[in-house]
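Heads up: the structure comes next, in structure tokens.
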Amino acid sequence: MKKTDAPALDHLHLEAALQLLERAGHALPGGRRDAAWLQGVIDGLCDLSSRDALTGLANRRQFELALDREADRTARSGEAALLLLFDVDHFKQVNDRHGHAAGDFVLQSVARSLQLCVRPMDTVARYGGEEFAIVLPSCQPAFGLQVAERIRLTVEMQAICIAPDLALSVTLSAGGAFAPPWVRSSGRLWIERADAQLYRAKGEGRNRTCLEPTALSMVSAEEKSLLFTTSAAIPFDDDPVAPSHRPT
Amino acid sequence: MNASASPDSRATARARIVAVTSGKGGVGKTFFAANAAAALARRGLRVLVLDADLGLANLDVVLNLHPKVTLHDVFTDQATLEQAVLPAPGGFSVLLAGSGLVEYSRLTPEVREKLLAVIREVTPRFDVVLLDTGAGISEVVLYTVSLADEVVVVVTPEPTSMTDAYATIKVLATQQSRRELSLVVNQVQRVGDGRGVAAQLQQVVDRFVSPGADEPVKLRLLGDVPSDAAVREAVRKRQLVVESLPGSEAAQAIGSVAARLAR
């Protein structure tokens, strides 16, 4: 390939991009306007286009990307991954009673709580109006409900001061589903399954968590403990000695 | 194909449909299905392996096949069933799912119908049809298993594999009223170790599953297959261990399992 000169950056129209970055509070790249500088601008724009403007969480675009990637990974590795969807209960009432600015503040506060509840590897996103989503890679089915409940209760306990003398609290309904391990699926199907559980949580009275049952949830602790208690071996199907537990 | 019924041939006009499933992925289910198919073929049976792992099909990888025509093409009417049934290295036939079947990890009525139609069409031409299903208890796996006359659950002695296998057995006993399930214990340290694994599963079944059923649920131990360097080598070379290293412990063990399965 023919070696080309560095792009003539002076001829690029970057005003709109720089304005966007500045407005979003992004530190503009400094120094000489060279390729490294341009990379800084592009990185800033990428970051901006993957975040929700109100809450700063991952936006829907970024969320779907993370979700598809995780669905793909669990299909191959069989590792457990949990998707949680949260919906702020009766959010319309907050807007109606206290105004949309208060509503926005509530969403920002909930977003902050959610972000504080999870590990750095988890993706917290604003999924829709008052709906949030969290993708939790490497989350064991045994801990799914515990994790979801911890997040839900953290938000419930939080007092949100919408005015100097007015604090309110909100509750969440949560629905969750584990990615089907060893099955090639899609992020879209995964969302559908978590959404069905969120719908169930709403239907059962809100302010609660519903998770899709897993293979593990079919096996009780008692069954599990017996499973790992050694017992007399049973023979192969055609072994000459008749097994005691099988009538002959 | 020989359609005449010799006196000693099976009286049934259609193949026995055997689902090969597992609670957990990565236990060697597909590897076992392919090798058992080859072992059954050596016993003179006409065998078809249908790759029903619609989500994560990898029978083609195990057999080192690069199919141009797959089940997906049959489902979408781009090929006939005749074109999609391919000869496999072990002297049996395969029907591969292909990786274009992402959406089929969810079971729509169309997929149900198409899968059923395909199975109905192939069974008169074979003695045994092995359905290599996906792992776990997802809707698509349970449906595929429900189409089979009998079920083989592949399990390893590892705790998560045993727990998931138990969950599968429990679901099949309660939802599909299965009263006998066959068991193959893969990756045992020594031949015979599978007996202990089977016994542990059986005791939990006796205590927690059978009481809720009209008659006891029995696990039929078809055998175990030891962890064997020959298996690792065959997998790496994408060969069937019963073909490439027939004298190995694992190949012999699979032969014994096939003999019990053929009875």
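Letters go in sequence order (proteins before strands), and every chain restarts at 1. Heavy-atom basis, side chains included; hydrogens, waters and symmetry copies ignored.
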Lys/Arg N to Asp/Glu carboxylate O, B/K170 vs A/E223, below 4.0 Å: yes

How about A/M121: does its CE atom have over 12 heavy atoms from other parts shown lying under 6.0 Å from it? yes

Check ring pair (Phe, Tyr, Trp, His ring centres under 6.0 Å) between B/F208 and all other residues, then give those that pass, not counting sequence neighbours. none

More than 12 heavy atoms from other groups under 6.0 Å of OH on A/Y199: no

Looking at A/D237 and B/R260, is any side-chain nitrogen of the basic one under 4.0 Å from a carboxylate oxygen of the acidic one? no

Review item, side-chain donor-acceptor pairs of residues 17-25 of chain B, under 3.5 Å, at least two apart:
residue : atom : partner : partner atom : Å
B/T21   : OG1  : B/T133  : OG1          : 2.9
B/T21   : OG1  : B/G134  : O            : 3.4
B/S22   : OG   : B/K24   : O            : 2.6

Top contributor to chain A contacts, counting heavy-atom pairs under 4.5 Å, from B/A198, B/S182, B/G136, B/A199: B/A199

Is it true that atom CZ of A/F228 has more than 12 heavy atoms of other residues, nucleotides or ligands lying nearer than 6.0 Å? yes

Name the member of B/R207, B/Q203, B/M162 that forms the most heavy-atom pairs with chain A at distances under 4.5 Å. B/Q203

Closest contact, heavy atoms only, B/L201 versus A/L227: CD2-CD1, 3.6 Å

pair A/T229-B/Q200: side-chain heavy atoms closer than 4.5 Å: no

Could you check whether atom CZ of B/R190 has more than 12 heavy atoms from other residues, nucleotides or ligands sitting under 6.0 Å from it? no

Test side chain to side chain contact (heavy atoms under 4.5 Å, CB included), reference A/F236, set B/L222, B/V257, B/L221, B/L183, output is B/L221

